[in-house]
There are 2 protein chains.
Amino acid sequence: MSVTVEKALQLIEAMARAGKPVGVSQLGRDLQINKSTVHRLLDTLVRQGYACQEEDSGRYALSVKLWEMGIGVVRGLSLPQVARPLLEAAALETGETTMLGVVQEREVLIIDKVDSLHPLQIFSPLGTRLPICNSAFGRVLLAFQPEAFIEAAVAEFAPRTAFGIQTQAQLREDLARIRAEGSSQSRDEWQIGIAGAAASIHDAKGGVAGAFCITGPTARLTEAKLRDCRARCVAASQAISQQLGHIAPGPARQAAGAQ
Amino acid sequence: MSVTVEKALQLIEAMARAGKPVGVSQLGRDLQINKSTVHRLLDTLVRQGYACQEEDSGRYALSVKLWEMGIGVVRGLSLPQVARPLLEAAALETGETTMLGVVQEREVLIIDKVDSLHPLQIFSPLGTRLPICNSAFGRVLLAFQPEAFIEAAVAEFAPRTAFGIQTQAQLREDLARIRAEGSSQSRDEWQIGIAGAAASIHDAKGGVAGAFCITGPTARLTEAKLRDCRARCVAASQAISQQLGHIAPGPARQAAGAQ
DNA sequence: CAACGCCGTGCCTATATTTGGAACAGGCGA
DNA sequence: TCGCCTGTTCCAAATATAGGCACGGCGTTG
């Protein structure tokens with residue numbers, strides 16, 4: 001709606017993508033915005049503290065103020081807070097990397113994690129995005145999205161390896177199974193050599209708030225161990241969901257659940 | 001300059017401050033912006049993925065996209081990357097909390113840290129701001145700022161406790177001493193019961209890039225231990241500075257240092 | 001050594017954009 | 001049921017934006 005703000009946000013995103021100082025002309029070319037306009041917008045960003053200008057080269061880069069605002073966002077969310085101790089516990093007990101993810105623009109965004117202590121680790125820094133269709137981590141999130149969201153995701157599905165889910169039909173089946181069971185596991189599907197288990201976290205309104213994942217090298221995660229990890233994911237996710245105010249749906253098998 | 005973008009950024013900051021969903025009218029009142037304008041700007045923020053609207057209440061909150069952008073900022077900086085292992089090492093060796101800070105709007109912004117394992121800890125989450133005049137951590141940063149910056153900071157200095165630096169004259173002296181020595185330590189000055197040591201980190205251009213700090217309860221940090229921490233800060237900061245391409249000024253005492 | 005091309009910056013006017021008052025629909029509490 | 005609050009929409013007036021153009025500085029190239 002507001003074209004000016006839209007352009008300013010595009011500038012921010014472009015600078016974030018670049019990861020290093022960028023020039024006015026460069027930004028103008030990339031985003032097809034007039035150089036004067038870019039300059040004026042950058043000027044306001046600098047004035048507000050969101051960007052800063054390299055003294056010698058004159059190029060612009062984002063400042064830590066943006067990081068500070070972002071930190072405020074996750075601090076405001078209750079999910080990372082309640083999930084943190086469970087991430088640590090699961091990482092300690094299994095010795096593998098544990099991760100917390102949420103849906104962001106049809107992908108999985110890793111918002112917190114605890115690294116394994118093994119020398120062989122999964123490389124995925126905070127803020128990394130993972131495909132939503134090609135791993136258990138993504139699919140436990142995808143399964144509980146609105147119908148239209150799922151359709152769009154399934155439509156653009158493509159296998160990344162020769163293992164795991166290969167067709168859209170299989171994907172739909174798996175999503176249905178996840179909706180019933182609430183957890184999943186995968187192996188060599190996103191990347192050869194990586195396996196993982198995941199379970200969905202739900203909030204007070206019943207919607208999916210995030211996913212709890214334990215991941216590691218296929219070599220260490222035998223089928224038995226992966227099942228164990230999956231059970232841990234389920235337990236952790238349920239604990240988190242409960243703390244978020246989620247009332248377990250309890251179809252019939254768990255009738256009690258007083259209060 | 002660009003009033004529209006300025007207002008949009010104000011909205012972002014206001015929502016970050018709130019830490020929870022806020023209403024259109026509320027934001028309009030707080031920032032003295034017309035309700036219609038607020039609504040339209042929020043609409044663009046939502047469309048661009050930076051904010052989202054609570055379905056039931058209609059209130060708005062920032063989304064994780066802002067966090068994602070912020071993460072990209074610190075990932076682009078080399079300082080946190082090279083400092084991380086040294087933060088961990090110092091925390092392990094001393095058993096105390098280690099922190100990495102940069103200057104942000106006349107305050108110290110904590111951009112990374114490794115927590116002590118002691119039950120008694122310093123509470124200061126990532127993204128916390130500390131005063132720049134009232135601790136060693138702040139002053140090693142302040143000492144190397146431009147003249148005007150220092151003047152402004154000194155002008156608004158006020159002691160927070162009855163310990164440590166008490167007057168503007170003392171503060172100026174201390175800053176001069178820090179410029180000569182490159183490190184500092186303080187005790188009971190920012191908060192009663194907290195002590196810390198810090199050293200400044202410099203980049204290739206010679207400017208100050210950040211500060212390395214070891215902090216803990218006054219009870220544990222005896223004078224001897226605090227001196228030890230200070231020495232560790234100096235060593236770590238020099239190592240980091242070197243990796244950032246800083247050429248040690250080497251007044252005379254270390255003439256060699258080839259390559 | 002000079003000419004060129006690119007850089008960031010500043011100015012200016014037509015114009016497209018924002019502005020903000022007023023009105024609407026829905027929810028909540030009295 | 002009434003009143004008050006919320007988020008949302010509309011529209012004309014006014015204003016801030018857009019983007020062409022020009023300037024000074026810098027690095028490279030001919």
Side-chain angles (χ1 to χ4, degrees), chain A residues 1-63 76 146 204-207 245, chain B residues 1-63 76 146 204-207 245:
Chain A
M1 274 288 185
S2 176
V3 287
T4 313
V5 174
E6 211 161 329
K7 286 176 185 172
L9 295 176
Q10 282 176 26
L11 282 176
I12 290 179
E13 290 182 41
M15 294 168 85
R17 266 197 303 274
K20 58 183 181 185
V22 198
V24 173
S25 307
Q26 178 95 24
L27 285 169
R29 257 179 279 120
D30 292 352
L31 303 175
Q32 307 202 4
I33 305 177
N34 190 286
K35 201 168 59 163
S36 304
T37 304
V38 172
H39 182 259
R40 189 163 34 82
L41 292 177
L42 282 177
D43 200 52
T44 64
L45 288 181
V46 169
R47 267 180 222 274
Q48 300 295 318
Y50 287 88
C52 50
Q53 186 174 20
E54 265 198 344
E55 286 190 14
D56 44 5
S57 69
R59 288 193 294 256
Y60 292 84
L62 294 176
S63 87
K205 282 168 279 188
Chain B
M1 274 289 185
S2 176
V3 286
T4 313
V5 174
E6 212 161 327
K7 286 177 184 171
L9 295 176
Q10 281 176 28
L11 281 176
I12 289 178
E13 291 183 40
M15 295 167 83
R17 267 197 303 273
K20 59 182 181 186
V22 198
V24 173
S25 307
Q26 177 97 20
L27 285 169
R29 257 179 279 119
D30 292 353
L31 303 175
Q32 306 200 7
I33 304 176
N34 190 286
K35 202 167 59 164
S36 305
T37 304
V38 172
H39 182 259
R40 189 163 35 82
L41 292 178
L42 283 177
D43 199 51
T44 63
L45 287 180
V46 169
R47 267 181 222 273
Q48 301 294 322
Y50 287 88
C52 51
Q53 186 174 20
E54 267 198 344
E55 287 190 13
D56 44 6
S57 69
R59 289 193 293 256
Y60 292 84
L62 294 175
S63 88
K205 282 167 279 187

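Letters A, B, ... mirror the listed sequences (proteins, then strands); counts begin at 1.
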* Distance-minimising heavy-atom pair for A:Gln53 and A:Gly58 -> NE2-O, 3.0 Å
* **side-chain N/O A:Ser25 vs C:dG8 OP1/OP2, d < 4.0 Å** => yes
* Asked: Would you say a side-chain N or O of A:Arg29 is under 4.0 Å from OP1 or OP2 of C:dC6?
  -> no
* In whole Å, what is the span from the CG atom of B:Leu41 to the P atom of D:dT8? -> 13 Å
* Structure fact -> In whole angstroms, the gap separating P of C:dG10 from CG of A:Leu42 amounts to 13 Å
* **N or O in side chain of A:Gln53 less than 4.0 angstrom from C:dT9 OP1/OP2** => yes
* To do: Compare the minimum distances between each of C:dT9, D:dG7, C:dG21 and the side chain of B:Asn34, then state the nucleotide with the smallest one.
  => C:dG21
* **Side-chain N,O (A:Tyr60) to OP1/OP2 (C:dT9) below 4.0 Å** => yes
* Rounded distance (Å) that lies between atom P of D:dT17 and atom CG of A:Leu11 -> 14 Å
* Check against side-chain hydrogen bond (donor to acceptor under 3.5 Å, both in side chains), B:Tyr60 and B:Gln26 -> CA-CA 11 Å; B:Tyr60 292 84; B:Gln26 177 97 20; over 6 Å; no
* **Given D:dA22, C:dT19, D:dG7, the nucleotide with the shortest approach to the side chain of B:Thr37** => C:dT19
* Asked: D:dA18, D:dT6, C:dG8: which one has an atom nearest the side-chain heavy atoms of A:Lys7?
  -> D:dA18
* Using whole Å, report how far CG of B:Asp30 lies from C1' of D:dT6. => 15 Å
* Would you mind telling me which of C:dC11, C:dG21, D:dT8 lies closest to the side-chain atoms of B:Ser36? => C:dG21
* Taking all heavy atoms of A:Pro21 and all of A:Glu54, pick out the closest pair and write down the distance. => CG-OE2, 3.5 Å
* To do: Kindly say whether A:Gly49 contributes a backbone atom to a donor-acceptor pair with the side chain of A:Ser63 at under 3.5 angstrom?
  => yes
* **Among D:dT8, C:dT9, D:dA18, the one nearest A:Arg40 by side-chain distance** => D:dA18
* Structure fact -> Taken to the nearest whole Å, CD/A:Gln32 to P/D:dA18 is 15 Å
* Name the residue closer to the 5' end of DNA chain C, choosing between B:Val3 and A:Gly23 according to the nucleotide with the nearest heavy atom. => A:Gly23
* Whole-Å gap separating P (C:dC28) and CZ (B:Arg59) -> 11 Å
* Has B:His39 got a side-chain N or O lying under 4.0 Å from the OP1 or OP2 atom of D:dG7? -> no
* Asked: When rounded to the nearest 0.5 angstrom, what distance separates CD in A:Glu6 from CG in A:Leu31?
  -> 11.5 Å
* Structure fact -> Whole-Å distance, B:Lys35 NZ to D:dC10 P, equals 15 Å
* Asked: When rounded to the nearest 0.5 angstrom, what is the spacing between CZ in A:Arg29 and CG in A:Leu27?
  -> 9.5 Å
* Pick the nucleotide of DNA chain C nearest each of A:Asp43 and B:Ile33; which residue has the one closer to the 5' end? -> A:Asp43
* To do: Can you tell me the distance, in whole Å, between the CD atom of B:Glu54 and the P atom of D:dG7?
  => 11 Å
* To do: Answer with base, sugar-phosphate or nothing: what part of the nucleic acid does B:Thr4 contact at a heavy-atom distance below 4.0 Å?
  => sugar-phosphate
